[in-house]
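First up is the structure itself, then whatever we jot down about it.
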Amino acid sequence: QVQLVESGGGLVQAGGSLRLSCAASGRTFGNNYMGWFRQRSGKEREFVAGIKWSGSDVHYEDSVRGRFIISRDNAKNTVYLQMNSLNPEDTAVYYCAARRYILEATTRDGFDYWGQGTQVTVSS
């Protein structure tokens with residue numbers, strides 16, 4: 001009943017920046033805990049960043065802290081992931097995810113709704 005659509009992926013040079021967007025529609029609630037995951041080739045889907053409804057409580061995976069910024073605009077039902085200083089290790093399919101609740105989660109099974117993913121490729 002909740003649809004999530006990612007956009008903004010593409011091919012960028014190492015050291016460059018990219019902004020991903022996640023638009024939520026359907027029967028969604030503005031206070032859902034939202035997150036970004038990524039799945040690199042041959043590896044499991046992993047948590048990247050999460051954000052509560054307030055927008056001030058955020059959590060980042062260690063490898064992206066200081067480079068990525070997660071934010072949300074509840075009025076627009078949209079979550080963003082600003083990615084800076086990209087390197088080839090950031091190459092992955094990035095997924096937007098939502099929980100049914102406001103509490104924080106950092107594992108795949110803690111989220112209930114998923115987008116189709118958007119490819120991010122960082123060249124050397």
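Sequential numbering from 1 along the given sequence is applied to the chain's residues.
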Do you know the tightest heavy-atom contact between [X] and [Y]?
X	Y	answer
Glu104	Arg99	O-NH1, 3.8 Å
Pro88	Ser124	CG-OG, 3.6 Å
Gln13	Ser123	OE1-OG, 3.2 Å
Trp36	Leu20	CH2-CB, 3.7 Å
Thr78	Ser21	CG2-CB, 4.5 Å
Gly10	Leu18	N-CD2, 3.9 Å

Give a yes or no on whether [X] and [Y] share a hydrophobic cluster (residues Ile, Leu, Val, Met, Phe, Trp, Tyr; joining criterion: side-chain heavy atoms under 4.5 Å apart).
X	Y	answer
Ile70	Val48	yes
Met34	Tyr60	yes
Val93	Tyr113	no
Ile69	Val79	yes

task: Can you label the angle between the Phe47 ring and the Phe37 ring as parallel, tilted or perpendicular, going by 30° and 60°?
output: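 Answer is perpendicular, since the angle exceeds 60°.
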
field: Parallel, tilted or perpendicular, as decided by the 30° and 60° cut-offs, for the rings of Tyr33 and Phe111
entry: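 Plane angle between 30° and 60°, so tilted.
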
Any side-chain heavy-atom pair of [X] and [Y] under 4.5 Å:
X	Y	result
Asn87	Arg67	yes
Tyr95	Gln39	yes
Glu89	Arg40	yes

Nearest-0.5 Å distance that lies between atom [atom1] in [X] and atom [atom2] in [Y]:
X	Y	atom1	atom2	answer
Cys96	Glu6	SG	CD	5.5 Å
Thr121	Asp90	OG1	CG	11.0 Å
Leu81	Phe68	CG	CZ	6.0 Å
Ser63	Arg38	OG	CZ	4.5 Å
Tyr94	Arg45	OH	CZ	13.0 Å
Arg19	Met83	CZ	CE	10.5 Å

- prompt: Between Ser17 and Asn84, is a side chain to side chain donor-acceptor pair (under 3.5 Å) present by the stated rule, with each step listed?
  reply: CA-CA 4 Å; Ser17 298; Asn84 302 313; 2.9 Å; yes

field: Residues, nucleotides or ligands: over 12 heavy atoms within 6.0 Å of Gln116 CD
entry: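 Open.
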
- request: Just do the side chain to side chain contact (heavy atoms under 4.5 Å, CB included) check on Thr91 and Gln119 with the steps written out, would you?
  value: CA-CA 8 Å; Thr91 295; Gln119 177 70 48; 4.0 Å; yes

task: Apply side chain to side chain contact (heavy atoms under 4.5 Å, CB included) to the pair Asn32 and Tyr101, showing each step before the final yes or no.
output: CA-CA 5 Å; Asn32 293 79; Tyr101 314 104; over 6 Å; no

message: Donor-acceptor check, side chain of Arg72 to backbone of Asn77, threshold 3.5 angstrom: yes or no?
response: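 Checking the backbone N and O of Asn77 against the side chain of Arg72, no donor-acceptor pair under 3.5 Å is found.
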
message: Donor-acceptor check, side chain of Arg65 to backbone of His59, threshold 3.5 angstrom: yes or no?
response: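 No; judged by distance alone, with no hydrogens or angles, the pair does not exist.
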
message: Applying side chain to side chain contact (heavy atoms under 4.5 Å, CB included) to Ile51 and Asp57, what does each step give before you reach the verdict?
response: CA-CA 6 Å; Ile51 185 169; Asp57 294 329; over 6 Å; no

